[in-house]
Amino acid sequence: MSKSTQNRRQFISSTGKAGMALAAMPLMAKINPMSSMNSITTLTAAGEYAQQPLNYGYAALEPFIDAMTMEIHYTKHAATYAKNLADAALAEKLDINQTSLKQLLNTISSYSVKMRNNAGGHFNHEMFWQIMKPAPATAPSGELAEAINKSFGSLDNFKTAFSDAAKTRFGSGWAWLIVKEDNSLAVCSTPNQDNPLMNVAEIKGAPILCLDVWEHAYYLKYQNKRPDYINAWWNLINWEFAQKKYAEAITKK
Ligand SMILES: [Fe+2]
């Protein structure tokens, strides 16, 4: 390990502050300092590779997700994925100025397992923070609401299908709502830090919603009761952001 890498690791591990971990990231130069979580699509390709600030405080999602879980999840788990992704990009000579994160995920089978795990881990968590906001949740509206009704019959049917995917994902992974190539909506889940943008994914599509069902996302508050965490999470959905992702997905086709 190089001295600079070692120093960076020591720096990150010695701080509990998201902003400090962010400052330690090696790929920050091209990030627009005015960017927020809701304008992440304006980031440069290189900027997408760095952890972005949270739009809310660690305690903002209480009582559904506790502050300690959020702080550890953001400053330790997610920060580490971003850091390891940066390390893998350097080691594998990935041109992050020219390769968007989505392009990387679309071609992930050409890279190492380290790149796969950490590119997925970084992308998934960045989306996860944005898809949540402090309660109370609103409801989906507009085109997304219509698409959910068309694909699942009702919002309740969709929630049941999504919750079942999250509950039954064995071990660690994620549940997803995606737009498939034919513009229909589907629910699926992925193992580990894989996601539906990866060319290795069993079911591919553009992510609209995602739920982290790794134990690190809920164990402090919910222990082995993953279904309780899933039920609570529905109170935190940022449907406006989901609608934005849906509009982007169907427009780009
Ligand atoms: Fe996580």
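Since the structure is predicted, the reported quantities are computational estimates derived from the model, not experimental observations. Both counts, for ligands and for their atoms, begin at 1 and track the order of listing.
- The side-chain contact (heavy atoms from CB on, under 4.5 Å) test applied to A88 returns E92, K114, M115, not counting sequence neighbours.
- Excluding waters, the count of protein N/O/S atoms less than 2.8 Å from the Fe ion (ligand 1) comes to 4.
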message: Show, in sequence, the C-alpha distance, side-chain angles and deciding distance for T138 and E240, and conclude whether the side chain to side chain contact (heavy atoms under 4.5 Å, CB included) test is met.
response: CA-CA 8 Å; T138 54; E240 293 78 13; 3.3 Å; yes
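- Note: F162 and W233 meet the aromatic proximity criterion, with ring centroids under 6.0 Å apart.
- Listed by chain and residue number, nothing satisfies the side-chain contact (heavy atoms from CB on, under 4.5 Å) test with E202 (two or more places apart in sequence, or in another chain).
- Two residues are said to be in side-chain contact when any heavy atoms from C-beta on lie closer than 4.5 Å; R169 and R226 meet this criterion.
- Take Q243 and apply the side chain to side chain donor-acceptor pair (under 3.5 Å) test, not counting sequence neighbours, and it matches no residue.
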